[in-house]
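First the structure, in the form of structure tokens, and then the observations on it.
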Amino acid sequence: MLWSSCIAADPFVFYDFEVSYITASPLGVPQQVIAINNKFPGPTINSTTNNNVVINVRNKLDESLLLHWSGIQQRRSSWQDGLPGTNCPIPPKWNWTYQFQVKDQIGSFFYFPSLHFQRAAGGFGGFIINNRDIIPIPFGSPDGDITILIGDWYTRNHTALRKALDAGKDLGMPDGVLINGKGPYRYNDTLVPDGIDYETIDVHPGGKTYRLRVHNVGISTSLNFRIQSHNLLLAETEGSYTVQQNYTSLDIHVGQSYSFLLTTDQNASSDYYIVASARFVNESQWKRVTGVAILRYSNSKGKAAGPLPDPPQDEYDKTFSMNQARSIRWNVSASGARPNPQGSFRYGSINVTEIFVLKNKPPVTIDGKRRTTLSGISFVNPATPIRLADQFKVKGVYKLDFPSRPLTGPPKMETSVINGTFRGFMEVILQNNETKVQTYHLSGYAFFVVGMDYGEWSENSRGTYNKWDGIARSTTQVYPGAWTAILISLDNVGVWNLRTENLDSWYLGQETYIRVVNPE
């Protein structure tokens, strides 16, 4: 059945993934990490629009495994999404073959293990979907294509982090930030111990252009990404070409992906720092939570030295990052995966058919356990995946009763799912009443980010919506004490995970699924 569902004319790409533990010391402390084919991070999957991607996964861990392809829309194949609501886990010593078509998509994505807090140990890698040759891209062909995975990191194993959460504790400050699985360059003898392996990105001088695909694959920390003495020309995010703008630095929140065009226009008097530093924290206390890699021109005259380039100086200005986020807009005239311009889908003129206000709060205690909630419900993963329960008509696995407004009574633990209408147009307001940034991801779709602001969302907030060139993406940030509004065209049948990407909050129940069924 799987083979016949793929379109025969479209090429296949094949990968074998052996997922196992290896010992690594990215921050100078030996620890158990999750490798793919003995590599940490895992290999980058390279595909082209409409390719059929086949990945045979062998699980050599001591616990069950699912791999999730974050941002891949799984058109009509939601059982390949690699989440507990859609797939049975792969038991230890077993293998399972994922097969899906990257239908009508382009862009920069990543994959990661979605069970048991395993992403905190690795198992992640990049996922590229190139344009077909017949579709023009809105910039010249780059001289190189470089994947950069950034993320906060703990020297404790993922099992120890999981136990801390199960015991009702916070994880505390991370031990550092990794760039492509490596620790920081020793830019400061006090903050960075000797002997740490760091990442070096090699480039050629003379005004060459490199496409950098940067993904925050971390646990819970928003990171500011910057390269000393260089501008970052934003070109794409999570499958949408953007209006091209230069940034000296950009905030990249957990689970988000961006493509920048970097031009080698400096004199290479020395190497340059690549920095990913923690945001929205007490920066003087979090100095060690900084990733530092090196950008090296082939004619470089020496090592990078001196202080790191400054992060945004906005400690008392909570609007800076939000205004930067609002400046990221859809390139309505560029072609995406198809020849017609992205903007030919005029989302701003479609009538909304259903509205959901989803609110998260600080953790609560339910039945003696510390849990996180969405609209007062802490999600419980079912023993039978929702997709299978539907297929085999198993009753009582989940409830199709997720509320359109937050519950007013005490919080509860439920397997409660949103009932989405096929071909409906859904407005979702994500209200963050927590003290830290939350990032939300929706499987199966690119949604339109049409508004964000501080305070409580109200009906009047719609007057501020961007109805023309709001970016289409799969992961959006919601600032503390603020809201973000998204619009979703529910044209993809399946069961789709809507979750916080903050791994600790997700693990404790801050998620749900949207079930979309074609009544015919």
Side-chain angles (χ1 to χ4, degrees), residues 71 222 237-240 242-243 251 253-256 318-319 321-330 332 342-343 345-361 373-376 402-406 418-421 424-434 436-492 496-502 505 510-514 516:
S222 297
T237 177
E238 295 162 23
S240 284
T242 64
V243 172
D251 290 339
H253 305 276
V254 179
Q256 290 188 325
K318 65 182 187 179
T319 59
S321 184
M322 185 181 282
N323 284 335
Q324 186 188 62
R326 288 177 178 141
S327 74
I328 298 166
R329 303 197 322 281
W330 212 25
V332 293
Q342 292 183 140
F345 185 81
R346 291 192 161 80
Y347 70 88
S349 56
I350 302 172
N351 290 331
V352 168
T353 57
E354 47 216 307
I355 301 160
F356 281 80
V357 178
L358 305 182
K359 184 180 287 190
N360 68 269
K361 293 179 173 177
T373 56
L374 207 47
S375 292
F402 197 93
S404 60
R405 293 284 190 282
I418 291 174
N419 189 5
T421 308
F425 198 62
M426 184 183 280
E427 177 183 15
V428 176
I429 290 88
L430 302 162
Q431 179 79 48
N432 179 7
N433 288 16
E434 243 268 50
K436 65 179 185 182
V437 177
Q438 298 284 328
T439 324
Y440 282 94
H441 176 89
L442 176 62
S443 284
Y445 296 98
F447 50 69
F448 296 93
V449 183
V450 292
M452 55 178 73
D453 207 351
Y454 284 97
E456 288 280 322
W457 179 88
S458 72
E459 307 277 338
N460 295 336
S461 305
R462 290 196 180 102
T464 67
Y465 283 8
N466 177 349
K467 294 285 191 78
W468 170 242
D469 61 358
I471 191 69
R473 64 186 311 168
S474 58
T475 314
T476 187
Q477 70 271 46
V478 191
Y479 292 95
W483 56 267
T484 296
I486 61 174
L487 298 175
I488 315 159
S489 177
L490 296 177
D491 60 352
N492 192 11
W496 306 109
N497 190 213
L498 175 60
R499 62 174 182 270
T500 178
E501 278 288 12
N502 303 56
S505 301
Q510 195 174 310
E511 65 173 324
T512 184
Y513 284 79
I514 302 177
V516 182

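Being a predicted model, the structure only gives us computed values, none of them experimental.
- In terms of heavy-atom proximity, Ile350 sits nearest to Arg346 at CG1-O, 3.7 Å.
- Partners of Asn466 by side chain to side chain donor-acceptor pair (under 3.5 Å), not counting sequence neighbours, listed by chain and number: Asp469.
- Interatomic distance, Ile418 CD1 to Leu374 CG, rounded to the nearest 0.5 Å: 7.5 Å.
- Between atom CZ of residue Arg473 and atom CD1 of residue Ile328 there is a gap of 6.0 Å, rounded to the nearest 0.5 Å.
- In summary, the aromatic rings of Tyr479 and His253 are positioned with their centroids under 6.0 Å apart.
- Under the 3.5 Å distance criterion, with hydrogens and angles disregarded, a donor-acceptor pair is assigned to the side chains of Thr500 and Asn502.
- Of all non-hydrogen atoms in Gly71 and Ser474, the two that sit nearest each other are CA-OG, 3.8 Å.
- Taking 4.5 Å as the limit, some side-chain heavy atom of Ile355 sits within range of a side-chain heavy atom of Arg405.
- Each of Arg326, Lys318, Arg462 was compared with Asp453 under the salt bridge (charged side-chain N to carboxylate O under 4.0 Å, His left out) criterion, and only Arg326 meets it.
- Between atom OG of residue Ser489 and atom CZ of residue Phe345 there is a gap of 4.0 Å, rounded to the nearest 0.5 Å.
- Atom OG of Ser240 and atom CD1 of Ile471 lie 4.5 Å apart (nearest 0.5 Å).
- Shown here for Gln431 and Gly455, the closest heavy-atom pair between the two residues is NE2-O, 3.0 Å.
- Residues Ser222 and Val254 share a closest heavy-atom pair of N-CG2, 4.4 Å.
- Between Leu430 and Trp457, the closest side-chain pair of non-hydrogen atoms is not below 4.5 Å.
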*Show your reasoning for whether side chain to side chain contact (heavy atoms under 4.5 Å, CB included) applies to Leu498 and Phe402.*
CA-CA 12 Å; Leu498 175 60; Phe402 197 93; over 6 Å; no
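- Rounding to the nearest 0.5 Å gives a distance of 12.5 Å between CD of Glu501 and CD of Gln477.
- Residues Leu490 and Ile488 meet the side-chain proximity criterion, which asks for heavy atoms closer than 4.5 Å.
- Tyr440 has its side chain within reach of Asn360: a pair of non-hydrogen atoms, C-beta onward, lies under 4.5 Å apart.
- No side-chain heavy atom of Val332 sits under 4.5 Å from any side-chain heavy atom of Gln342.
- Between Trp330 and Tyr347, some side-chain heavy-atom pair lies under the 4.5 Å cut-off.
- Two residues are said to be in side-chain contact when any heavy atoms from C-beta on lie closer than 4.5 Å; Glu354 and Phe425 fail this criterion.
- The closest side-chain heavy-atom distance from Val357 to Trp483 is not below 4.5 Å.
- Within the 3.5 Å criterion, the main-chain N or O of Val478 finds a donor-acceptor partner in the side chain of Asn432.
- Counting non-hydrogen atoms of neighbouring residues, nucleotides and ligands closer than 6.0 angstrom, the NZ atom of Lys436 exceeds 12 such neighbours.
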*asked:* Applying side chain to side chain contact (heavy atoms under 4.5 Å, CB included) to Glu511 and Asn497, what does each step give before you reach the verdict?
replied: CA-CA 7 Å; Glu511 65 173 324; Asn497 190 213; 2.9 Å; yes
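- Across Lys361, Arg499, Gln438, a single residue satisfies side-chain hydrogen bond (donor to acceptor under 3.5 Å, both in side chains) together with Gln510, and that is Gln438.
- Thr475 and Phe447 get closest at one heavy-atom pair: N-CZ, 3.6 Å.
- To the nearest 0.5 Å, atoms CE (Met426) and OG (Ser404) are separated by 10.0 Å.
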